[in-house]
Every structure is written in structure tokens, then in C-alpha cells.
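The block underneath contains the structure these notes are about, expressed in C-alpha cells.
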Amino acid sequence: MNKDSFKNELAAKGLNLSAEQLGQFETYLHLIQEWNQKMNLTAITDDSEIWQKHFYDSVVPFLHTSFQTLCDVGSGAGFPGIPLAIAWPNRSFVLVEPLAKRCRFLNEVKNQLHLDNVEIVNARAEDFVKEHREQFDAVSARAVARLSILLELCVPLVNDSGTFIALKGANGKEELKNAAPALKALPVVLDHEEEFELGNDEGTRINFYFKKTGEVPAKYPRPYGTIKKKPLEVTNG
């Protein structure tokens with residue numbers, strides 16, 4: 001995929017990007033490649049793969065999701081938060097990332113792309129939620145952890161009418177099955193899922209869209225060490 005096919009594929013799905021927005025994506029691509037030489041941002045550094053596996057893969061899951069505020073948990077190199085902020089400049093985005101060096105990169109991206117609709121927060125999700133419970137229309141997480149863990153970290157940030165969107169690969173359905181205890185405890189329900197092929201034999205993407213069915217108990221999320229040691233998921237035996 002290149003800039004033109006990226007633009008055309010999204011236009012075919014109803015999202016028309018301006019020349020300025022495409023320029024922002026190009027600058028972002030070059031910043032990823034430049035900074036990746038001095039820190040581990042991503043294993044994907046080829047131009048065409050960045051357009052397809054990072055940019056296109058970040059935007060498509062949100063084409064039919066309505067929100068004004070979004071929190072991207074464990075944003076890493078900025079996916080999906082930065083592509084979304086470029087695509088929808090009139091919406092507000094908070095990117096939560098625990099590693100300070102990645103936050104430095106994200107702030108550089110924000111400044112060079114003039115993304116006034118983005119806030120970068122250097123924090124762990126379980127700490128961030130303490131002051132931001134139920135504040136967002138949408139919360140996203142991509143390739144961060146197993147679904148049971150993501151649900152516990154992210155659902156408490158979602159407001160009553162909001163959505164948690166988990167971007168997953170081909171193993172997503174197995175993770176969903178194992179996360180049944182998390183759905184019950186939080187409480188949350190799978191509203192729908194969308195599956196699509198990334199193209200060029202790059203594999204399947206499964207995106208899950210969750211809605212809250214009640215108030216999240218105050219004890220969630222637990223400390224991260226506890227979440228990892230005793231996840232809210234199906235146990236064997």
C-alpha cells in the first residue's frame with residue numbers, strides 16, 4: 001500500500017482525506033523511521049507496510065464508530081491514536097503510554113503534525129483511571145495484552161454510553177472466549193465484532209466493540225501485578 005492507495009481505499013469506505021492530512025501521515029511515517037533507528041518503536045519500518053499495517057489498520061475499525069473523545073491505552077508508537085487524530089481533527093484524543101521515551105516520540109509527532117486535538121499522558125492505565133473514570137466516549141487498545149487484561153484496564157474509562165474497541169488479530173476469538181469472566185465481572189457485553197482481511201496475505205483482523213451493561217465495581221482495575229497473576233479469564237481445571 002502507498003499514499004494513493006491508502007487514500008483511495010479509505011475514500012471507497014466513505015472517509016475522504018485532504019492533501020494536508022495525507023501530508024501529516026507522510027511526516028508521521030518519516031518520524032517513525034527516523035526515531036526507530038534510536039529506539040524500539042516498531043518492527044514494521046517499510047513504507048508500504050506502515051501505510052497498510054499501521055495507518056490503514058488503525059483507521060478502518062473506527063469508520064463507523066461515533067465518538068467525540070477517545071482514550072488510546074498503551075499507545076506505543078501512536079497506534080491507533082495518532083492516525084485517528086489525523087483522520088478526525090475535530091475530535092479529541094488522549095494517548096496513554098507508560099514508557100517515557102515513547103511519550104517523547106509521541107510529543108514530537110504531536111508538535112510536528114500540529115495535532116492540537118491530542119494529549120499525551122505518561123502513565124500506566126491502572127493509575128490513569130483513578131482520575132479519569134468513565135470520562136471517554138470511546139477507549140481503544142491495539143496489540144497491548146490479552147483481551148481479559150485489556151477489558152479490566154479499559155472498560156472503567158468508558159462512559160455509560162461509550163464503547164471499548166479492542167483491535168485484535170486472528171487469535172481474537174479465542175481470547176474472547178477466555179475473557180468470559182471479565183465480561184461478567186465488569187460488567188460489559190460484546191455489542192458486535194468486525195472481521196476483515198488486511199490484504200496482500202497479511203492476515204485477518206478481528207475488532208471487538210464492547211458496551212457496558214452496568215457500573216464497573218470500584219475495585220477494578222486491580223494493581224497490574226494482580227491482573228497478570230489472577231486475570232479475569234477462564235482457567236483450566
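We number each residue from 1, following the sequence as shown.
A side chain to side chain contact (heavy atoms under 4.5 Å, CB included) with I32 is found for exactly one of T42, T45, V109, namely T42.
Using the six-membered ring where Trp is involved, F67 and F62 have ring planes that are perpendicular, over 60° apart on the 30 and 60° scheme. By the 30° and 60° cut-offs, the orientation of the rings of Y28 relative to F55 is parallel.
Pairs passing the salt bridge (charged side-chain N to carboxylate O under 4.0 Å, His left out) check and including a residue from residues 169-182, sequence neighbours excluded, read K168-E175, K173-E193, K173-E195, E174-K177. The ring-ring contact (aromatic ring centres under 6.0 Å, His included) analysis of residues 156-194, with sequence neighbours excluded, yields the pairs F164-F210, H192-Y209. Within the structure, salt bridge (charged side-chain N to carboxylate O under 4.0 Å, His left out) pairs that include any residue of residues 5-29 comprise K3-E26 (at least two apart or interchain).
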Practice prompt. Go through the steps to decide whether N90 and N117 satisfy the test side-chain hydrogen bond (donor to acceptor under 3.5 Å, both in side chains), and finish with yes or no.
Written response: CA-CA 7 Å; N90 295 323; N117 59 335; over 6 Å; no

Discussion item. Assess the residue pair Y220 and R222 against the criterion (side-chain contact (heavy atoms from CB on, under 4.5 Å)); give the C-alpha distance rounded to whole Å, side-chain angles, the decisive distance to 0.1 Å, and a yes or no.
Written reply: CA-CA 5 Å; Y220 297 120; R222 298 164 294 164; 4.0 Å; yes

Worksheet item: Checking side-chain contact (heavy atoms from CB on, under 4.5 Å) for the pair L151/L232: CA distance, chi angles, key distance, verdict?
Response: CA-CA 9 Å; L151 285 162; L232 297 172; over 6 Å; no

Discussion item. Run R142 and D57 through salt bridge (charged side-chain N to carboxylate O under 4.0 Å, His left out) and show every step you take.
Written reply: CA-CA 10 Å; R142 177 179 184 256; D57 190 32; 3.1 Å; yes

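The two residues A145 and L150 have their closest heavy-atom pair at O-CD1, 3.4 Å. What you find for P156 and V129 is that their closest heavy atoms are CB-CG2, 3.6 Å. Residues I165 and L167 come closest through the heavy atom pair CG2-CD1, 3.5 Å. When all heavy atoms of R133 and P217 are compared, the pair lying nearest together is NH2-O, 3.0 Å. Considering all non-hydrogen atoms of both residues, Q135 and E131 come closest at NE2-O, 3.2 Å. Considering every non-hydrogen atom in both R91 and T65, the closest pair reads NH1-O, 3.5 Å.
Under a hydrophobic-cluster definition in which Ile, Leu, Val, Met, Phe, Trp and Tyr are linked whenever side-chain heavy atoms come within less than 4.5 Å, directly or via other members, V96 and L99 are assigned to different clusters. A chain of hydrophobic side-chain contacts below 4.5 Å, direct or via other Ile, Leu, Val, Met, Phe, Trp or Tyr residues, connects L10 to I82. There is a path of hydrophobic side-chain contacts, each under 4.5 Å, that joins V139 to V155. Hydrophobic clustering (ILVMFWY, side-chain heavy atoms < 4.5 Å, transitive): F208 and V189 are in distinct clusters. Clustering ILVMFWY residues whenever any of their side-chain heavy atoms sit less than 4.5 angstrom apart, transitively, puts L147 in the very cluster that holds V216.
Side-chain contact between Y224 and L153: present, with at least one pair of heavy atoms (C-beta onward) separated by less than 4.5 Å. Using a 4.5 Å cut-off on side-chain heavy atoms (C-beta onward), S48 and N2 make no contact. Proximity of Q33 to D47: side-chain heavy atoms (C-beta onward) are separated by under 4.5 Å at one or more points. Under the 4.5 Å side-chain criterion, counting only non-hydrogen atoms from C-beta, E97 is not in contact with V121. The shortest side-chain heavy-atom distance between K212 and D160 falls under the 4.5 Å cut-off. Contact annotation: the side chain of V94 approaches that of F128 to within less than 4.5 Å [non-hydrogen atoms, C-beta and beyond].
Once rounded to the nearest 0.5 Å, the distance linking NE2 of H132 with CG of L157 reads 9.0 Å. To the nearest 0.5 angstrom, L22 atom CG is 11.0 Å from T27 atom OG1. Taking CD1 of I50 as the reference point, atom CG of L29 lies at 4.0 Å (rounded to 0.5 Å). Separation of atoms CG (L70) and CH2 (W88) is listed at 10.0 Å; rounding is to 0.5 Å. Here N36 contributes atom CG and L31 contributes atom CG; the two are 11.5 Å apart, rounded to the nearest 0.5 Å. For the atom pair R102 CZ and I120 CD1, the distance stands at 13.5 Å (nearest 0.5 Å).
Without hydrogens or angle criteria, R146 side chain to P231 main chain gives no donor-acceptor distance under 3.5 Å. Judged purely by atom type and a 3.5 angstrom limit, N122 uses its side chain to pair as donor or acceptor with the backbone of P98. Looking only at distances, a side-chain donor or acceptor of Q21 sits under 3.5 Å from a matching main-chain atom of I86. Checking side-chain atoms of K110 against main-chain N and O of V118 turns up a donor-acceptor pair under 3.5 Å. Under a 3.5 Å cut-off, the side chain of D137 and the backbone N or O of Q68 do form a donor-acceptor pair. Using modelled atom types, no side-chain atom of D72 and backbone atom of L95 make a donor-acceptor pair closer than 3.5 Å. In terms of modelled atom types and a separation under 3.5 Å, the side chain of Q24 and the main chain of L113 share a donor-acceptor contact.
S5 and N8 are not linked by any side-chain donor-acceptor pair at a separation below 3.5 angstrom, with hydrogens and angles left out of the test.
More than 12 non-hydrogen atoms from other residues, nucleotides or ligands lie less than 6.0 angstrom from NZ of K38.
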